[in-house]
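Side chains included, hydrogens not; waters and symmetry mates left out as well; all remaining heavy atoms used. Just so it is clear: chains get the letters A, B, ... in the order the sequence lines come, proteins before strands, and each one is counted from 1.
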Protein chains: 2
Amino acid sequence: MVRKPTSKETARKPNMREAILAAAEELFATNGFNAVSVRDIAQAAGANPGSVTYHFKTKDGLLLEIYRRHCGPMNLRRSELLAAAKRVRDLQDRLEAVVRAYVVPAFTSGSDLAGGGARFTRLRAVMSAEGNEVARKIIAQTFDDTSHAFIDAIHDSLPHIPRTDIVWRSHFLLGALYYSLVTPDRVSRLSRGETDGGDPANAIEQLVQATVAAFQAPALDQAAPARRRTVASSKT
Amino acid sequence: MVRKPTSKETARKPNMREAILAAAEELFATNGFNAVSVRDIAQAAGANPGSVTYHFKTKDGLLLEIYRRHCGPMNLRRSELLAAAKRVRDLQDRLEAVVRAYVVPAFTSGSDLAGGGARFTRLRAVMSAEGNEVARKIIAQTFDDTSHAFIDAIHDSLPHIPRTDIVWRSHFLLGALYYSLVTPDRVSRLSRGETDGGDPANAIEQLVQATVAAFQAPALDQAAPARRRTVASSKT
DNA sequence: ATGTGATTTGTACTATCGTACAAAAGATCA
DNA sequence: TGATCTTTTGTACGATAGTACAAATCACAT
């Protein structure tokens, strides 16, 4: 179909395998796993449905390979940034650096795949929402260590906050991060169109700033007693 | 259309229509829209597949009816709580009350359907992640007004924060809220099993506390200059 | 140029999907 | 009771799903 002008380079039109991976990543991330058929992927990649079976055996195998492709680089990058962040001496600055080390690789490229970071993170968000089993397994065994490392680092910057609260707030961070990537235009819509919903740098800044403040909130148990109010207590 | 239930009880085998709605709600919320077949729903409801077609015409129609069933009551409850929150005089207390008015109906029942609040909110989270068109439309025309009302109320409590930042942080709130309901056990897992990941009241408190702090963070543009740090500036 | 192993294509198979529709069953009231 | 609705059942149909597999094609060392 597409002719290679030269037989020298293997990756003239990128390996087809790569094209399939990229197409699948994009389609899965925007539509979910079950809504996308193997034929959809093949068509988007300019490939034959049989090619997908050849390279990845099954649809699950394709998803698994997408994860394998990204998890390593993204974790590596996070580790590097986390190590650098830990060296920041000022406690507040360090907290911000740690949060940034967590957020940045999720938005920007986690490997050499173009724009891969945001797309893969969005994919993770969607798979998580769908309760995809393949994704759940590989994520649990790949990211839980990283999550713990970050939680520990944050806890070091906020020794007076109980670990439980740190975990909750990290959880909220991940949710906010996911949602930002799942609905990339919702912010501009609600902002009455005057803003930069699509600018990832701005999204990162907003997320980091808000998250740092959330982490710094007083601990739940020891919150100032005067602060307890129950405006919405009826249970229905 | 509405036949008097008459003969002694309201429904000896509960309306079947309700059973189908409940089963669909549960299955969609945990597995996504496309992963669940009409036959799955019928079986879970103890009904015949044809019954689903009879009551809701199409699968989309079934989803639409689920939304119709919940959106009204939940918005009503939010409005009530928001109105009450707005009457709180102290600015910080009011902010917390407003956030609570937004969060509580999403966790607890928004109508008389048992446990409907959390389940429906989880459903919304999943549909949002999957980019479901039916859900997107009805949500945009049902919740955007509410969202604006909340954003306005929060802005009133934080006049010095630009509206853009408020919108972002509301966005993060919704993401955190969604994610808490999508992965109900992740917190306990990361907390090394000693905590209450399944307790909704605790989740609400954690979310409200963290979110209030996030809203109160300094505005992005006017953040203290000394605070700007770029520990993660390299781009890939 | 040719043989060889790696890919790509085309097609086919079975399972399951959403939906339609006629017949059966149940309920309501003259 | 019999007539007339509403609801449930059973079954079927066309479309599409994931996957398998043989044939065709390609890349390249010889």
Side-chain angles (χ1 to χ4, degrees), chain A residues 1-25 27-28 30-66 127 130 132-135, chain B residues 1-25 27-28 30-66 127 130 132-135:
Chain A
M1 182 199 288
V2 174
R3 278 217 116 45
K4 295 182 160 182
T6 94
S7 52
K8 208 137 219 191
E9 276 310 275
T10 339
R12 180 64 180 176
K13 157 118 181 225
N15 244 342
M16 188 83 293
R17 187 187 145 94
E18 297 299 326
I20 293 171
L21 278 169
E25 204 178 299
L27 288 172
F28 285 157
T30 50
N31 300 105
F33 185 75
N34 290 280
V36 177
S37 71
V38 173
R39 287 168 174 84
D40 291 337
I41 296 165
Q43 182 167 29
N48 188 283
S51 250
V52 179
T53 307
Y54 171 72
H55 284 290
F56 307 101
K57 201 63 189 168
T58 69
K59 199 182 171 188
D60 277 356
L62 173 53
L63 181 64
L64 202 64
E65 184 56 29
I66 293 174
M127 293 304 114
E130 289 187 319
N132 185 287
E133 267 305 295
V134 174
Chain B
M1 180 55 182
V2 178
R3 278 246 162 273
K4 178 177 51 173
T6 71
S7 39
K8 298 173 202 163
E9 333 143 72
T10 344
R12 48 172 196 264
K13 165 105 177 233
N15 237 340
M16 192 81 294
R17 187 187 144 95
E18 299 298 327
I20 293 171
L21 279 170
E25 206 178 297
L27 288 172
F28 285 158
T30 48
N31 300 105
F33 185 77
N34 290 282
V36 177
S37 72
V38 173
R39 287 169 175 84
D40 291 337
I41 296 165
Q43 183 167 25
N48 189 283
S51 250
V52 179
T53 308
Y54 171 72
H55 284 290
F56 308 101
K57 201 62 190 170
T58 69
K59 197 182 173 188
D60 277 355
L62 173 53
L63 181 64
L64 201 65
E65 183 56 28
I66 292 174
M127 294 302 114
E130 289 187 319
N132 185 288
E133 267 305 296
V134 174

(message) Quick check on D:dT8: is either OP1 or OP2 less than 4.0 Å from any side-chain nitrogen or oxygen of B:Ser51?
(response) yes
(request) Measure across A:Glu130 and A:Gly32 and return the closest heavy-atom pair with its distance rounded to 0.1 Å. (result) OE2-CA, 3.5 Å
(message) Using side-chain heavy atoms (C-beta onward) and a distance below 4.5 Å, is B:Phe33 in contact with B:Asp60?
(response) yes
(request) Check B:Ile20 against B:His55 and note the closest heavy-atom contact, atom names and distance. (result) CD1-CD2, 4.3 Å
(request) Grab the two heavy atoms, one from B:Lys59 and one from B:Asn34, that are nearest each other, plus how far apart they are. (result) NZ-CA, 4.1 Å
(request) Write down the distance between CG (B:Leu27) and P (C:dG18), rounded to a whole number of angstrom. (result) 12 Å
(request) Mind listing the residues from residues 57-66 of chain B sitting with a heavy atom below 4.0 Å of DNA chain D? Number order is fine. (result) none
(request) Compare side-chain N and O positions of A:Tyr54 against OP1 and OP2 of C:dT8 and report whether any pair is under 4.0 Å apart. (result) no
(message) Restricting to non-hydrogen atoms, name the atom on B:Met16 and the atom on B:Ala45 that form the minimum distance, rounded to 0.1 Å.
(response) CE-O, 3.2 Å
(request) State, with a plain yes or no, whether a side-chain heavy atom of B:Phe28 is found less than 4.5 Å away from one of B:Ile41. (result) yes
(request) Take atom CZ of A:Arg17 and atom P of D:dC26, then tell me their distance rounded to the nearest Å. (result) 22 Å
(request) Can you see which heavy atom on B:Ala42 is nearest to which on B:Asn48, and at what distance? (result) CB-C, 3.8 Å
(request) Measure the spacing between CG of A:Leu63 and CD of A:Glu133 and express it to the nearest 0.5 Å. (result) 11.5 Å
(request) Starting from the 5' end of DNA chain D, give me the residue, A:Phe33 or A:Gly50, whose nearest nucleotide shows up first. (result) A:Phe33
(request) Give the minimum heavy-atom separation between B:Glu65 and B:Leu21, together with the two atoms involved. (result) CG-CD2, 3.9 Å
(request) Considering just the side-chain nitrogens and oxygens of B:His55, establish if one lies under 4.0 Å of OP1 or OP2 belonging to D:dT6. (result) no
(message) Please determine whether a side-chain nitrogen or oxygen atom of B:Asn48 lies at a distance below 4.0 Å from atom OP1 or OP2 of D:dT8.
(response) no
(request) Output the residues of residues 34-42 of chain B in contact with DNA chain D, where contact means a heavy atom of the residue under 4.0 Å from an atom of the strand; sort by number or write none. (result) B:Arg39
(message) Could you tell me how far apart B:Phe56 (CZ) and C:dA20 (C1') are, to the nearest whole angstrom?
(response) 18 Å
